[in-house]
**Student:** 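Next up is a structure, given as structure tokens.
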Amino acid sequence: LRTEFVYLEREHLPDEDEQFAAYSAILEVFGQRPVVLRTLDIGGDKKLPYLPLADETNPFLGLRAIRLCLVRPDLFHPQLRAALRASYGHNLKLMFPMIATVDEIRAARAVLEDCRAELEAENVPIADHIEVGIMVEIPAAAITADLLAHEVDFFSIGTNDLSQYTMAADRTNADVAKIANAFHPAVLRLVQTVVNAAHAQGKWVGMCGELAGEPLAVPLLVGLGLDELSMNPPAIPMANTMYAR
């Protein structure tokens, strides 16, 4: 569940109650089925008109996603509090994007625990246990997945960004976008590295990138050991057919 929709097409930041209402409505539909909520991923090339951010020469390498949230508690705290409140009675999992280091995971989890403590002090009911994972979309995270696995409950590999960072090719630049090919052996070796590192420590691995919905990739990804594939709804019937074979 990408959460940027709550922030779009509006003139001000959504407050905690607005976010709580949005997340709760979705969780009610899913009941006890798992919902993985990805925290806010804006900044760099993805901006909000009411949130002034500095222009950056290399926006894909800049202050975005978890990096931005960690320096802007006015963004991060309300979202985490809203998610925790909505988690009560449901199977919610939280996922932090753009993680590169162990320190970033620990910092994000510390904020999450502060929010949990605040809500408990306010006698607000929340889920007893919420799995916490990260997006693996930076090569540094893939290469050190064995270290990061100690800090999380699961990984989700974002092949769109992982491909462009690995191949040094901007996927929004038509002149070089084809170079950022998720089928390249360098990208697939990183995927295998993440799967092996996670499984060695009993953690599950999903994939949420365009590769996960590519029919030719499904058998390959299953063979690499991916536990979960996240894809657009139209791709699901074809993926089921490929897996059944």
Side-chain angles (χ1 to χ4, degrees), residues 1-8 14-41 66 69 76-97 99 105 108-136 148-158 194-195 198-199 201-209 212-213 218 221-222 225-244:
L1 173 61
R2 297 185 179 188
T3 55
E4 289 77 34
F5 76 94
V6 183
Y7 297 78
L8 300 174
D15 62 23
E16 179 183 325
D17 288 336
E18 290 175 301
Q19 295 188 66
F20 168 68
Y23 305 150
S24 294
I26 293 170
L27 286 166
E28 283 297 324
V29 172
F30 279 84
Q32 291 301 309
R33 297 172 184 167
V35 174
V36 181
L37 184 150
R38 188 181 75 176
T39 59
L40 186 61
D41 184 2
I66 197 64
C69 287
F76 207 26
H77 282 237
Q79 180 171 49
L80 292 182
R81 282 177 55 97
L84 287 171
R85 288 169 57 191
S87 72
Y88 184 69
H90 299 286
N91 185 5
L92 178 68
K93 307 175 192 295
L94 288 175
M95 180 168 67
F96 302 124
I99 291 289
I105 299 175
R109 295 197 72 142
V111 177
L112 179 63
E113 289 309 309
D114 286 344
C115 291
R116 177 185 287 275
E118 291 173 2
L119 291 170
E120 288 177 345
E122 298 166 15
N123 294 318
V124 176
I126 58 180
D128 292 332
H129 176 70
I130 297 176
E131 288 189 14
V132 175
I134 63 168
M135 290 283 292
V136 178
L148 302 182
H150 291 290
E151 309 291 330
V152 299
D153 299 304
F154 65 92
F155 290 135
S156 185
I157 302 173
V194 175
V195 171
H199 287 177
Q201 297 184 44
K203 309 298 172 66
W204 62 271
V205 186
M207 178 175 287
C208 52
V218 171
L221 297 175
V222 172
L226 269 293
D227 302 298
E228 177 189 88
L229 301 177
S230 177
M231 62 190 71
N232 291 321
I236 294 174
M238 178 63 74
N240 282 337
T241 299
M242 296 293 292
Y243 184 76

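By convention here, the first residue in the shown sequence is residue 1.
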**Student:** Rounded to the nearest 0.5 Å, what separates atom CE in M95 from atom CZ in R2?
**Tutor:**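 If I round to the nearest 0.5 Å, the distance is 9.0 Å.
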
**Student:** Which atoms form the tightest heavy-atom contact between T39 and P97, and what is the distance?
**Tutor:** OG1-CD, 3.1 Å

**Student:** Rounded at 0.5 Å granularity, tell me how far CZ in F20 sits from CG in D15.
**Tutor:** 12.0 Å

**Student:** If I compare all heavy atoms of R109 with all of V152, which pair ends up nearest, and what's the gap?
**Tutor:**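 Closest pair (atom of R109, atom of V152, distance): NH1-CA, 3.8 Å.
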
**Student:** Show the nearest heavy-atom pair for residues A212 and M207, with the distance to one decimal.
**Tutor:**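 Closest approach of A212 to M207, heavy atoms only: CB-O, 3.7 Å.
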
**Student:** Quick one: does any side-chain atom of H90 pair with a main-chain N or O of G31 as donor and acceptor, under 3.5 Å?
**Tutor:**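 Judged by distance alone, yes, a pair lies under 3.5 Å.
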
**Student:** Between L84 and L112, is there a side-chain heavy-atom distance shorter than 4.5 Å?
**Tutor:**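 Yes, side chains in contact.
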
**Student:** Can R81 and E118 be said to form a salt bridge (Lys or Arg N to Asp or Glu O under 4.0 Å), step by step?
**Tutor:** CA-CA 9 Å; R81 282 177 55 97; E118 291 173 2; 3.0 Å; yes

**Student:** Nearest 0.5 Å, please: how far is NE2 in H129 from CG in D153?
**Tutor:** 5.0 Å

**Student:** Measure across V205 and A198 and return the closest heavy-atom pair with its distance rounded to 0.1 Å.
**Tutor:** CG2-CB, 3.2 Å

**Student:** Can you tell me how far CD1 of I99 sits from CZ of F155, rounded to the nearest 0.5 angstrom?
**Tutor:**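 Between F155 CZ and I99 CD1, I get 10.5 Å after rounding to 0.5 Å.
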
**Student:** Taking salt bridge (charged side-chain N to carboxylate O under 4.0 Å, His left out) as the cut-off, I'd like each qualifying pair that reaches into residues 226-235, sequence neighbours left out, listed once.
**Tutor:** none

**Student:** Which pair of non-hydrogen atoms, one from G89 and one from Q32, has the smallest distance, and what is that distance?
**Tutor:** O-NE2, 2.5 Å

**Student:** What I want to check is whether the side chains of E18 and Y7 have a donor and an acceptor closer together than 3.5 Å.
**Tutor:**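 Not at all, the side chains of E18 and Y7 share no donor-acceptor pair under 3.5 Å.
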
**Student:** Find the distance between CG (L80) and OG (S87) and round it off to the nearest 0.5 Å.
**Tutor:**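 It comes to 11.5 Å.
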
**Student:** Using only atom types and a distance under 3.5 Å, with no angle test, would you say the side chain of T3 pairs donor to acceptor with the backbone of R38?
**Tutor:** yes

**Student:** Under the side-chain hydrogen bond (donor to acceptor under 3.5 Å, both in side chains) test, which residues partner E113, sequence neighbours left out?
**Tutor:** none

**Student:** Between M135 and G158, what is the shortest heavy-atom contact and its length?
**Tutor:**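 Nearest pair, atom of M135 first, then G158: CE-CA, 3.8 Å.
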
**Student:** Please determine whether side chain to side chain contact (heavy atoms under 4.5 Å, CB included) holds for the pair L92 and Y23, giving the CA-CA distance in whole Å, both sets of side-chain angles, and the decisive distance to 0.1 Å.
**Tutor:** CA-CA 10 Å; L92 178 68; Y23 305 150; over 6 Å; no

**Student:** Please round to the nearest 0.5 Å and tell me the distance separating atom CD of E4 and atom CG of L40.
**Tutor:** 5.5 Å

